[in-house]
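What follows is a set of notes on a single structure, which appears directly below.
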Protein chains: 2
Amino acid sequence: MALAGKRNSSAKLRSAAFRRIRADHLTELAEDYVELIADLIDERGEARGTDIALRLGVANATVVKTLKRLQDAGLVSQEPYRAIFLTGDGWKMAEDGRRKHKIVEGFLLALGVGAETARIDSEGIEHHVSEETLKAMARFLARSG
Amino acid sequence: MALAGKRNSSAKLRSAAFRRIRADHLTELAEDYVELIADLIDERGEARGTDIALRLGVANATVVKTLKRLQDAGLVSQEPYRAIFLTGDGWKMAEDGRRKHKIVEGFLLALGVGAETARIDSEGIEHHVSEETLKAMARFLARSG
DNA sequence: ACTATAGTTTAGCCAATGCTAAATTTACCC
DNA sequence: GGGTAAATTTAGCATTGGCTAAACTATAGT
């Protein structure tokens with residue numbers, strides 16, 4: 001083949017980043033769901049499918065299907081036609097998501113980003129920041145706040 | 001229903017963020033591909049399926065299938081069994097991705113994050129930062145660097 | 001207690017993104 | 001120029017995450 005050379009040098013290293021992003025995507029939805037369920041329980045005492053669908057902007061049936069997967073994953077528990085609860089693992093994931101979310105959103109605000117943008121962007125970013133980056137953001141936040 | 005109250009207050013606003021994230025995911029893969037193809041062309045003069053598969057960490061067949069979609073989307077052009085090229089739109093998207101990537105990665109480095117983490121995290125974050133946040137990052141970068 | 005309505009679930013569809021295995025094509029080398 | 005190895009493509013499959021429409025259940029209100 002033409003151009004055969006020292007290709008592939010650091011390809012494996014590079015691919016690791018993409019692999020992690022794909023893995024992140026699998027847990028991303030789960031994190032969004034449990035975080036939202038935790039919020040709903042705290043706000044109103046219970047989480048219902050309709051509210052989840054409304055806040056996430058998806059159809060009811062989609063929520064049902066996803067919740068089934070989350071139940072299989074041991075994050076959520078639910079009886080048919082009843083409200084939705086988080087398991088111990090579910091709460092753990094929700095708390096971790098909230099922690100990240102708070103740091104990222106606070107950080108963006110401290111950086112001078114507007115409130116609305118900070119809210120939206122942090123929602124997307126929180127699933128892709130490592131602990132090291134979170135630590136750096138927290139440090140910045142402590143120094144500037 | 002129990003608990004009927006002033007629910008849904010800002011639900012539509014909240015759901016917008018999640019909608020944007022889902023939309024982002026659709027373009028995310030496309031951006032990763034065109035950026036990588038642009039890099040390969042610059043590095044070695046051509047982009048081949050195998051190299052893309054290797055760097056992205058996916059199977060060859062997956063690359064073929066995705067390239068077909070990108071071709072339909074007008075970002076990539078390719079003859080069967082030949083190397084891969086970017087269209088004008090493809091280059092535009094690649095350049096924009098590189099621009100974002102550079103800002104985010106540079107920003108993380110300036111924030112004190114290690115090189116390896118900065119590289120990995122920026123790969124995940126670049127697709128979820130708004131122009132406003134990019135501007136704030138660039139500002140920080142200019143002040144601190 | 002009945003009925004209307006709100007909420008939930010099921011069924012069946014689609015597109016995207018991944019995989020493996022088999023077939024095909026290209027290109028290199030002798 | 002023909003054989004072989006590498007690259008590419010095709011075929012077929014699975015999962016995720018979305019949708020609509022129809023069926024079912026539970027609750028509230030009269």
Side-chain angles (χ1 to χ4, degrees), chain A residues 1-5 7-8 11 15 18-34 36-37 40 44 46-73 75-85 127, chain B residues 1-5 7-8 11 15 18-34 36-37 40 44 46-73 75-85 127:
Chain A
M1 301 272 95
L3 288 178
R7 54 167 45 104
N8 309 353
S15 75
F18 291 108
R19 279 181 192 284
R20 214 205 62 188
I21 289 168
R22 283 198 303 277
D24 285 350
H25 281 164
L26 289 179
T27 49
E28 201 170 323
L29 236 217
E31 283 180 14
D32 284 342
Y33 268 76
V34 297
L36 177 49
I37 291 168
L40 287 168
R44 346 195 200 276
E46 66 167 20
R48 300 182 321 154
T50 304
D51 294 320
I52 297 175
L54 194 68
R55 289 229 193 157
L56 250 29
V58 301
N60 253 282
T62 301
V63 170
V64 173
K65 205 182 282 191
T66 304
L67 285 177
K68 209 160 285 168
R69 277 199 304 277
L70 297 185
Q71 208 167 357
D72 290 347
L75 295 168
V76 146
S77 77
Q78 187 190 18
E79 303 290 315
Y81 294 97
R82 288 275 119 81
I84 296 137
F85 297 99
H127 305 289
Chain B
M1 302 274 98
L3 290 178
R7 54 167 45 108
N8 310 353
S15 75
F18 291 108
R19 279 182 193 285
R20 215 204 63 188
I21 289 169
R22 282 197 302 275
D24 285 350
H25 281 163
L26 289 180
T27 49
E28 201 171 324
L29 235 218
E31 283 180 14
D32 284 342
Y33 267 77
V34 295
L36 177 50
I37 291 167
L40 287 169
R44 348 192 198 276
E46 68 169 17
R48 301 183 319 154
T50 303
D51 293 321
I52 297 175
L54 194 68
R55 287 230 193 155
L56 250 29
V58 301
N60 251 282
T62 301
V63 170
V64 173
K65 206 181 282 191
T66 304
L67 286 177
K68 209 160 284 166
R69 278 200 305 275
L70 297 185
Q71 207 166 357
D72 290 348
L75 296 167
V76 146
S77 78
Q78 187 190 19
E79 302 290 315
Y81 294 97
R82 287 274 120 79
I84 297 138
F85 298 99
H127 305 289

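The basis for the numbers below is simple: all heavy atoms, side chains too, and nothing from hydrogens, waters or symmetry mates. Below, read A as the first sequence line, B as the second, and so on, with proteins coming before strands; counting in each chain starts at 1.
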Listed by chain and number, what are the salt bridge (Lys or Arg N to Asp or Glu O under 4.0 Å) partners of B/Arg20, not counting sequence neighbours?
A/Asp121, B/Asp24

Side chain to side chain, A/Ile84 and A/Ile52, heavy atoms closer than 4.5 Å:
yes

Look at the side chain of A/Arg19 and the backbone N and O of B/Gly57, then say whether any donor-acceptor pair between them is shorter than 3.5 Å.
yes

As a check of understanding: the bend across the helix from C/dA1-D/dT30 to C/dC30-D/dG1, end axes from five pairs, rounded to 10 degrees, works out to 10°

Distances under 3.5 Å only, N/O to N/O: pair up the protein atoms with those of nucleotides 16-18 of chain D.
from: D/dG17; atom 1: OP2; to: A/Arg69; atom 2: NE; distance (Å): 3.1
from: D/dG17; atom 1: OP2; to: A/Arg69; atom 2: NH2; distance (Å): 2.5
from: D/dG18; atom 1: O6; to: A/Lys65; atom 2: NZ; distance (Å): 2.2

Any donor-acceptor N/O pair, B/Gln71 side chain to B/Gln78 backbone, under 3.5 Å
yes

Would A/Glu28 and A/Glu31 count as a side-chain contact (heavy atoms from CB on, under 4.5 Å) here? Give the steps.
CA-CA 5 Å; A/Glu28 201 170 323; A/Glu31 283 180 14; 5.8 Å; no

Checking side-chain contact (heavy atoms from CB on, under 4.5 Å) for the pair B/His127/A/Ile21: CA distance, chi angles, key distance, verdict?
CA-CA 11 Å; B/His127 305 289; A/Ile21 289 168; 5.7 Å; no

By nearest-heavy-atom nucleotide on DNA chain D, the more 5' of A/Arg82 and A/Ala61 is A/Ala61

Among D/dT9, D/dA7, D/dT25, find the nucleotide with the atom closest to the side chain of B/Gln78.
D/dT9

Per A/Val64 side chain, nearest of listed nucleotides D/dC24, D/dT8, C/dT10:
C/dT10

Measure OH/B/Tyr81 against C1'/D/dA5 and give the value in whole Å, please.
15 Å

Value in whole Å for how far the P atom of C/dT9 lies from CD of A/Glu79:
11 Å

Give the C-alpha distance, both sets of side-chain angles, the deciding distance and a yes or no for side-chain contact (heavy atoms from CB on, under 4.5 Å) between A/Leu26 and A/Arg22.
CA-CA 7 Å; A/Leu26 289 179; A/Arg22 283 198 303 277; over 6 Å; no

Rounded to whole Å, CG of B/Asn60 lies from P of D/dG12 at a distance of 19 Å

Taken to the nearest whole Å, CG/B/Leu54 to P/D/dT8 is 12 Å

To the nearest angstrom, the CD1-C1' distance between B/Ile52 and D/dT9 comes to 14 Å

B/Arg48 CZ to D/dA7 P, in whole Å, measures 5 Å

Roughly, in whole Å, what's the span from CZ in A/Phe18 to C1' in C/dG18?
16 Å

Of the candidates C/dT8, D/dT8, D/dT10, the side chain of B/Lys68 sits closest to D/dT10

